[in-house]
Enquirer: 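Below is the structure I would like to discuss, written out as structure tokens.
When a residue number appears, it is its place in the shown sequence, counting from 1. What you see is a predicted model; the values in this text were computed from it and never measured.
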Amino acid sequence: MKRILIIIISLTLNLSLYSHPWKPSHYVIIDTDGGIDDIRAITMLLASPDVRVLAITISPGALSTENAYVKVKSLLNSFWHEGVPVGINRNCEFKSPDFQVALNTVWGDEGGLVSGSAPDCITIIKEVLTSEKTKISFICLGGMSTVSSAMKEIPHFKDQVKEIIWSSNGPTDKNYFNYKIDIPAAQKVLKGDIPVKSVKGMGEAKFYNDLMIKEISETGTIYSEKISVFFNSDVSKNHEYSFSATDEMVPLYLHYPLLFRHDTIADNYVSYPDSVSLLRGKTIKILSGETVAKNQVIKVFPTDPSFYSSDVEPFVTEIIKKYGMDEWTSSVITNELHRHLGVFSIIGVKMGIRAREYFDTGVDEFSTKSFAGSDPPLSCINDGLQVSTGSTPGHGLLTVINDNPAAPIAEFTYMNRKIRLTLKPEVTLKISSELKEINFVNGLDSNIYWELVRKNSMNYWRDLDRHNIFIIEQINK
């Protein structure tokens, strides 16, 4: 019987990789208090393609809401996830000690960031619950003040939130910092209708060792780089707590609950990290973004330059290093679909990836309206948009506008929020002028024309950084 149960669990875990290729397993709202373990936990949740972070709310705890807000916004901006909503809990009466190590930890560039105009956390939560119909997990990395207020002020909160995952020692440890932040709120939530799952950290035990930190630094994602920078900072090196693990046990539990022991205490579910060596390896896996199968047919997309055409081969390693595997794979597939290397199809890829980055989404999760029309070469943008976003005609998510003068513009709508991306005029002019000159000299029917277009496209693929070539505007719906 035990063997049968293990087989069933194994099959379930494997099937989850393929059953919904476009839909993550976990939709979450994160509430944070800005601690140094929060930066690691939030980064892990953002790194996993099997998690969709719908919003982040700020409560006082390790830092004041004002200081924590700046930390979170700087973190999201550093990952180019500017479109993830962030709201502040201004009603909790807890006076934060503003722990110096948390205050001095660098999450990102804080220049120009202030909390004064930040929206209220309840407003943000209401908007998310109105837009997203999937049941969500509410993650509390600090106290319970925000979730308590949401339960009170949002009538359908208990219907939409399937669980509350709380970084804590459980309901009986009333001296735990996260419990004491707002004791009445904690008591209310623990007695409420929504299941509370407390996830314990490792206390003072060391979780991050030299080998693990080295493996994180070699992972090569923007998320692992953030954690690596943290461990190499003077703030981290000089503080013992930096190497223990508390809040980051929450994303580990979310992904790998079988690596935890589970007890029921005072009618609540409490989980303890069990297989520490395995959890270290799974941390690397999450930061690598390897929590779901990324392709539908092939297991691994080739990165060996020798796999590619001779004129592409010299560019492979550099482009992947500069822009990541997501842009590389989307560009390769687009060029095969498009049947030739074209600069505007590559622009479409970069535009789509940038929009996904902004909202922090996967494929097939938003609708796209292209203003590139249906006449080449500008309309080639549409092929890149389809591949990079999954907004295909077959999914009913791509609309091409033909009743306006064609322009390298696309609008993306996600959860009742809309942005417009426009290729910068100077980039458009440069590309268009070069194509016209090549056409004028050689003609569209000339092999030389297509050879030169291919050569130019490779250079643009390598040189155009998607973070620098678009104007991004928020559009009110």
Side-chain angles (χ1 to χ4, degrees), residues 24 26 28 30 32 36-54 56 70-84 86 105-111 113 208 212-233 235-236 247-248 251-252 255 282-292 294 300-301 303 316-331 349-363 365 388-389 421 461-470 472:
H26 311 285
V28 305
I30 306 169
T32 177
I36 60 172
D37 46 352
D38 294 48
I39 183 178
R40 301 190 298 249
I42 295 171
T43 296
M44 288 171 68
L45 290 164
L46 292 168
S48 173
D50 206 27
V51 175
R52 189 64 63 241
V53 177
L54 302 174
I56 300 178
V70 170
K71 298 290 185 188
V72 169
K73 285 294 290 183
S74 69
L75 181 73
L76 292 171
N77 291 348
S78 72
F79 294 142
W80 309 101
H81 300 332
E82 308 98 321
V84 175
V86 182
T105 298
V106 176
W107 293 41
D109 182 1
E110 298 180 6
L113 295 174
Y208 297 94
M212 183 180 179
I213 293 171
K214 181 175 183 293
E215 289 178 345
I216 290 173
S217 68
E218 294 172 349
T219 299
T221 68
I222 57 174
Y223 305 102
S224 60
E225 182 182 354
K226 180 70 65 175
I227 304 302
S228 180
V229 168
F230 168 82
F231 282 115
N232 285 307
S233 67
V235 173
S236 167
D247 286 353
E248 52 266 71
L252 284 165
H255 287 86
K282 297 303 185 184
T283 301
I284 306 296
K285 194 174 183 70
I286 291 173
L287 290 171
S288 301
E290 297 176 359
T291 54
V292 295
K294 295 181 179 179
V300 179
F301 209 90
T303 57
V316 176
T317 302
E318 182 182 1
I319 291 176
I320 292 175
K321 184 176 180 180
K322 286 174 72 173
Y323 307 129
M325 277 301 294
D326 207 358
E327 183 180 308
W328 173 258
T329 57
S330 294
S331 296
V349 169
K350 291 177 181 285
M351 184 179 281
I353 296 291
R354 183 66 184 97
R356 280 179 47 205
E357 221 171 23
Y358 180 91
F359 288 126
D360 186 31
T361 66
V363 295
E365 292 193 59
S388 60
T389 66
L421 265 67
W461 190 355
R462 177 196 61 197
D463 296 337
L464 293 181
D465 187 332
R466 64 180 181 267
H467 303 118
N468 299 328
I469 61 173
F470 299 112
I472 301 180

Enquirer: Relative to Phe470, does Lys350 satisfy both conditions: NZ or CZ under 6.0 angstrom from the six-membered ring centre, and within 45 degrees of the ring's axis?
Expert: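 Output no; distance or angle outside limits.
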Enquirer: Report the C-alpha separation of Lys282 and His255 in whole Å, then their side-chain angles, then the decisive distance to 0.1 Å, and conclude whether the side chain to side chain contact (heavy atoms under 4.5 Å, CB included) test is met.
Expert: CA-CA 9 Å; Lys282 297 303 185 184; His255 287 86; over 6 Å; no
Enquirer: Of all residues at least two apart in sequence or in a different chain, which pass the side-chain hydrogen bond (donor to acceptor under 3.5 Å, both in side chains) check with Glu290?
Expert: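 Testing Glu290 for side-chain hydrogen bond (donor to acceptor under 3.5 Å, both in side chains), a comparison that skips the adjacent residues, returns none.
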Enquirer: Working to the nearest 0.5 angstrom, can you tell me the gap between Ile320 CD1 and Thr317 OG1?
Expert: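 Here the rounded value is 6.5 Å.
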Enquirer: Would you compute the distance between atom CZ of Arg52 and atom CG of Leu46 and round it to the nearest 0.5 angstrom?
Expert: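 One gets 10.0 Å once the value is rounded to the nearest 0.5 Å.
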Enquirer: Just say parallel, tilted or perpendicular for the rings of Trp80 and His467, cut-offs at 30° and 60°.
Expert: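 Ring orientation of Trp80 relative to His467: parallel.
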Enquirer: Is Lys73 salt-bridged to Glu110, cutoff N-O under 4.0 Å?
Expert: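 No, this pair does not count.
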Enquirer: Specify whether Trp328 and Trp461 have parallel, tilted or perpendicular ring planes, treating 30° as the upper limit for parallel and 60° as the lower limit for perpendicular.
Expert: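 Because their plane-to-plane angle is under 30°, the rings of Trp328 and Trp461 count as parallel.
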Enquirer: So does Asp38 pair up with Lys71, basic N to acidic O under 4.0 Å?
Expert: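 No, no charged N to carboxylate O under 4.0 Å.
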Enquirer: Pair Val363, Arg356 - check side chain to side chain contact (heavy atoms under 4.5 Å, CB included), show working.
Expert: CA-CA 8 Å; Val363 295; Arg356 280 179 47 205; 3.7 Å; yes
Enquirer: Report yes or no: do Ser233 and Ser236 form a side-chain donor-acceptor pair below 3.5 Å?
Expert: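 Checked: Ser233/Ser236 side chains show no N/O donor-acceptor pair below 3.5 Å.
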Enquirer: Would Asn77 and Asp109 count as a side chain to side chain contact (heavy atoms under 4.5 Å, CB included) if you check the C-alpha gap in whole Å, the side-chain angles of each, and the deciding distance to 0.1 Å?
Expert: CA-CA 8 Å; Asn77 291 348; Asp109 182 1; over 6 Å; no
Enquirer: Could you tell me whether Lys294 sits above the aromatic face of Phe301, with NZ or CZ closer than 6.0 angstrom to the six-membered ring centre and within 45 degrees of the axis?
Expert: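 Because its charged atom misses either the 6.0 Å distance or the 45° angle limit, Lys294 does not stack over Phe301.
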Enquirer: Are Tyr208 and Ile216 packed together at the side-chain level, in the sense that at least one heavy-atom pair is separated by less than 4.5 angstrom?
Expert: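 Yes, side chains in contact.
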Enquirer: Decide side chain to side chain contact (heavy atoms under 4.5 Å, CB included) for Phe231 and Ile227; before the verdict, give the C-alpha distance in whole Å, the side-chain angles of both, and the deciding distance to 0.1 Å.
Expert: CA-CA 6 Å; Phe231 282 115; Ile227 304 302; 3.5 Å; yes
Enquirer: Please check if the side chain of Ser48 supplies one atom and the backbone of Leu45 the other of a donor-acceptor pair under 3.5 Å.
Expert: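 Judged by distance alone, no pair lies under 3.5 Å.
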Enquirer: Flag the pair Met44 / Leu287 as yes when at least one side-chain heavy-atom distance between them is below 4.5 Å, and no otherwise.
Expert: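 They are in side-chain contact.
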Enquirer: Given 3.5 Å as the limit, does a donor-acceptor pair link the side chain of Tyr323 with the main chain of Glu318, or not?
Expert: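 Flag not set: sc Tyr323 to bb Glu318 has no pair under 3.5 Å.
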Enquirer: What is the distance from atom CD1 of Ile213 to atom OG of Ser224, rounded to the nearest 0.5 Å?
Expert: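 Between Ile213 CD1 and Ser224 OG, I get 13.0 Å after rounding to 0.5 Å.
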Enquirer: Side chain of Ser288, backbone of Thr219: donor and acceptor closer than 3.5 Å?
Expert: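 It does not hold such a pair.
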Enquirer: Run the salt-bridge test on Glu357 and Arg354 with the 4.0 Å N-O cut-off and return the result as yes or no.
Expert: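 Salt bridge between Glu357 and Arg354, a charged N being under 4.0 Å from a carboxylate O: yes.
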Enquirer: Once you round to the nearest 0.5 Å, how far does CE of Met212 lie from CD1 of Ile284?
Expert: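 It is 5.0 Å, given to the nearest 0.5 Å.
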Enquirer: Under the rule for salt bridge (charged side-chain N to carboxylate O under 4.0 Å, His left out), what residues qualify as partners of Glu215, not counting sequence neighbours?
Expert: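 Counting only residues at least two positions away or on another chain, Glu215 forms no salt bridge (charged side-chain N to carboxylate O under 4.0 Å, His left out).
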Enquirer: Please confirm whether the backbone N or O of Gly362 pairs with a side-chain atom of Glu365, one donor and one acceptor, at under 3.5 Å?
Expert: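 Yes: the side chain of Glu365 pairs with the backbone of Gly362.
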Enquirer: If I take atom CG from residue Asp50 and atom NE2 from residue His26, how far apart are they, to the nearest 0.5 angstrom?
Expert: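 The distance works out to 5.0 Å.
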Enquirer: For a 4.5 angstrom cut-off between non-hydrogen side-chain atoms, does Tyr223 reach Ile286?
Expert: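 No, too far: nothing below the 4.5 Å cut-off.
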Enquirer: Output the distance between atom CD1 (Ile469) and atom CE (Met351), rounded to the nearest 0.5 Å.
Expert: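 That separation rounds to 7.5 Å.
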Enquirer: Using only atom types and a distance under 3.5 Å, with no angle test, would you say the side chain of Lys226 pairs donor to acceptor with the backbone of Trp107?
Expert: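 Pair found, side chain donor or acceptor close to backbone of Trp107.
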